[in-house]
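Shown next, in C-alpha cells, is the structure this report addresses.
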Amino acid sequence: MEKQSPILRIWELGKNEHDRLITAVILAILGTLGGMVPYFAAAHIIVMLLDGEQALSGYVTWLAAAFCGYAVCTILYNLALSISHKATFSVLKTIREQMLAKLPRLPLGTVMDTSSGKMKQIIVDQVDGMETTLAHLFPEMTANITAPVLTVIYLFVLDWRLALLSLAVFPVGFVFMMMVMGNYEKDYEGAVKATNEMSSTIIEYIGGIEVIKAFNQGKTSYARFTDRVLANAQYYYDWMKRSQLGMSMTFALFPAQLLTVLPVGWIFYQHGSLSSATFLTVIILSLGVAAPIVAAFNFVDTLAQVGTTVAQIDEILKAEEQEHLETPVTFASHDIEVNHVSFGYHEEKEILHDVSLSIPEKQMTALVGPSGSGKSTIAKLIAGFWDVTDGSITMGGHDLKEIPLAQLYDQVAFVSQDNYLFDESIRENIRMGRQSATDQEVEAAAHAAGCDSFIGALEHGYDTMVGGGGAHLSGGERQRIAIARAMLKDAPIVILDEATAYIDPENEAVIQRAVAELVENKTVIVIAHRLSTITGADNIVVIQDGKIAAQGRHEQLLKESALYKDMWQAHIGAKDGDEV
C-alpha cells in the first residue's frame, strides 16, 4: 500500500474547513501580489527621476499605486491569517475530539501500553504542532512561492540574462540548506523521542512522589528526573549546533542577488545591450524575490516535522479498533461461555491456552491461582476490554463481537483493587456509574456501600474533591466509592478483581456487606487471593499457567486439587500468622 503524503493527510484531517482554508490561500496570494506593487512603483519612480521627469502627477500616481499595493497586502494578508486561524482551531478541536472518541474503542492493552506522558504529548503537543501547518503553511507558503515565481517570469520578459543571474545564488544556498535538511526527519524523530521520555519521567516522578518520599529515594529519583531533562536540552543543543553553519549560510545567500545582478548588469549596460530603465527595474524587482522565498523556507522545519507529527497522531486515529456490530441485541439471560480461548497481548507470548469455561447466570464463579496465571485476563476479556483472537466468548448466547461495545459495557460492573477516581467531587465520581442518576440515587448507593461514615465527616460532604486518582482519600475509602459507583450502575454482571484488597479490619464488615448487596441476584465473577472470601462460591476455577487446572466447590477442590489445597493451606497459615 502506497504511503500517503503527510501534507495530503493533514489536508484530509481538515476536510470540514477546506472552503475557509482555500479562501485564506487565495487572499494570501492576492495580498502578496499587492505587496510586490511597491517594488514596481519604486522602479518606475527611479527611472522617471533619471529621465528628468518634472511632472508631479506621474510621481503621485506611482506613489498612490505603491500605497494601495501595500494597503492591499496588509489587509488581505491579515484577513487570510484570521480566516486560516479560525479554520485551524476548528480543525484541531475536531482532531482532538476524534482522538478522544477513538480511545474508548481501542483495546485496553493499546491504551495501557502507551504511557500517559506520550499520550499527552500526542493529544496536546503534537496536535498543537499542526497549528503552524494549517494556519500558516497553506496560505503563507503558497503565497510566498507564487509571488516570486510571477516576479521571475516578469524578469525573464525584461531580460532573460539578468533573470538567470538573479537566481544564481539559490543553488549555492540550497547546498547549504541540504546540509541541514538531509537528516532533518531523523533529527526531529529523535527530538520527539527525547521529549516523550522527559514528559513520561516528569509524570512518573510526580505520580510517585509519595513512594519516593516514603522510601527516601528523592536523590536517586530526582537524579533520573534531572538526567531526562538535561538529556532533552542537550539533544536540542547538539542539533542546533550541527545546523548553525548551514542555516547561517543559507539565509545569508538567499537575499544576495545583487552579487551577480549588479556587476554583470553593469557590463551589459556599458556595452549597450541593456537599457538603464530595464537595469534599474531588474535591480529593484530582484530584491523583492528574496524576501518571500526566505519566508517560505521558514516553513521547511514545518514540512520536515509534518511526517513525524502525522505519524504520531495516526498512531491513535488509525489504531486498530475492537470490531463489534452496531445493532443492539436482546439478552434472554446472562450466562457466559468461554470457548477454547487462547490469548496474548499484542506480540507478547500467549497467556491463555485453550481455556473453556461456563459461568451460569446469577451464580458466583471464583477465579483463583498464582499471580500471572491469567485470572485477570479472563475477566477482562469477558468485560470486553480486549477481543479474543482465538476461540470465542458468548454472553446470553451472543458472541461478544456481536454485541455493540457500549451495550457490552452496560452489562458489566467491573470493580478492581485499583479503581480510578477522577479529580471531581465524591458525588460526581459515584455518578460515573450512571450519568442520569439523581443526587438522591447517588446518596442511596453511597449509603448502601457504607460510605456515610467517612463522607459525613468531610467538611464539604458529597461535594468534597477527591484529588487526582482519589489522592485525598484512603485506599478503603476509594474502594467503597468504587463499589457505590458499581451499585449505581446496577449491571447484571459484576466482576470483582481483588475488590477487597484494601480492606482494613475496622471496615471489613462494612465493605463485605456492601459487596454482598452489590452482587445480589447478579452473575458474579470474583478474582481473589484471600480464599476465605470465596469458599461459598458456586464454582471455584483454579487457573495455572494460562490453563484451567481444576474447578468445583471449595470442599471438592480441597480433596481433588493439590494446587488449591496448597493455596488454601498457605492462606490459612498467613491468616493465622496475622491473628497472632
Side-chain angles (χ1 to χ4, degrees), residues 27-77 140-177 248-298:
L27 291 175
I29 291 173
L30 294 176
T32 304
L33 293 177
M36 299 302 297
V37 172
Y39 289 95
F40 287 94
H44 278 278
I45 289 173
I46 292 173
V47 170
M48 290 168 64
L49 287 171
L50 293 176
D51 289 344
E53 177 65 49
Q54 299 294 320
L56 187 61
S57 59
Y59 294 102
V60 170
T61 299
W62 282 109
L63 286 172
F67 175 79
C68 290
Y70 178 78
V72 167
C73 174
T74 302
I75 293 170
L76 294 185
Y77 181 78
E140 291 188 48
M141 189 170 184
T142 305
N144 287 328
I145 290 175
T146 302
V149 166
L150 294 177
T151 302
V152 168
I153 291 173
Y154 184 63
L155 288 177
F156 272 96
V157 172
L158 291 174
D159 190 290
W160 66 270
R161 300 168 300 173
L162 291 185
L164 287 175
L165 287 170
S166 69
L167 300 176
V169 295
F170 288 109
V172 182
F174 279 122
V175 170
F176 285 103
M177 174 66 73
S248 297
M249 291 302 297
T250 297
F251 288 106
L253 287 169
F254 277 168
Q257 286 78 15
L258 295 186
L259 289 175
T260 53
V261 170
L262 273 179
V264 180
W266 178 256
I267 294 173
F268 291 158
Y269 173 70
Q270 287 288 88
H271 287 78
S273 63
L274 180 67
S275 68
S276 60
T278 300
F279 188 20
L280 287 170
T281 302
V282 170
I283 290 173
I284 298 297
L285 292 182
S286 64
L287 292 175
V289 171
I293 290 180
V294 169
F297 271 101
N298 285 330

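Because the structure is predicted, anything quoted here is derived from the model rather than measured.
From Ser276, atom OG reaches atom CD1 of Ile46 across 11.5 Å, with rounding to the nearest 0.5 Å. To the nearest 0.5 Å, the span separating CG on Leu262 from CD1 on Ile267 amounts to 11.5 Å. Expressed to the nearest 0.5 Å, how far CG of Asp159 lies from OG of Ser273 amounts to 7.0 Å. The CD1 atom of Ile145 lies 11.0 Å from the OG1 atom of Thr32; values are rounded to the nearest 0.5 Å. The distance from the CG atom of Leu150 to the CG atom of Leu285 is 12.0 Å, given to the nearest 0.5 Å. Taken from CG in Leu167 to OG1 in Thr260, the straight-line distance is 8.5 Å, to the nearest 0.5 Å.
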Q: Please test Leu50 against Leu280 for side chain to side chain contact (heavy atoms under 4.5 Å, CB included), starting from the C-alpha separation and ending with a verdict.
A: CA-CA 10 Å; Leu50 293 176; Leu280 287 170; 2.8 Å; yes
Q: Begin with the C-alpha distance, continue with both residues' side-chain angles, and end with the deciding distance and a verdict on side chain to side chain contact (heavy atoms under 4.5 Å, CB included) for Tyr269 and Thr278.
A: CA-CA 10 Å; Tyr269 173 70; Thr278 300; over 6 Å; no
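Between the side chain of Thr74 and the backbone N or O of Ala71, no donor-acceptor pair lies under 3.5 Å. Distance alone, capped at 3.5 Å, places no donor-acceptor pair between the Thr281 side chain and the Ala43 backbone.
For OH of Tyr70, the number of neighbouring non-hydrogen atoms (other residues, nucleotides, ligands) closer than 6.0 Å is 12 at most.
Within the 4.5 Å cutoff, the side chain of Val152 has heavy atoms near those of the Phe156 side chain.
By the 30° and 60° cut-offs, the orientation of the rings of Trp62 relative to His44 is parallel.
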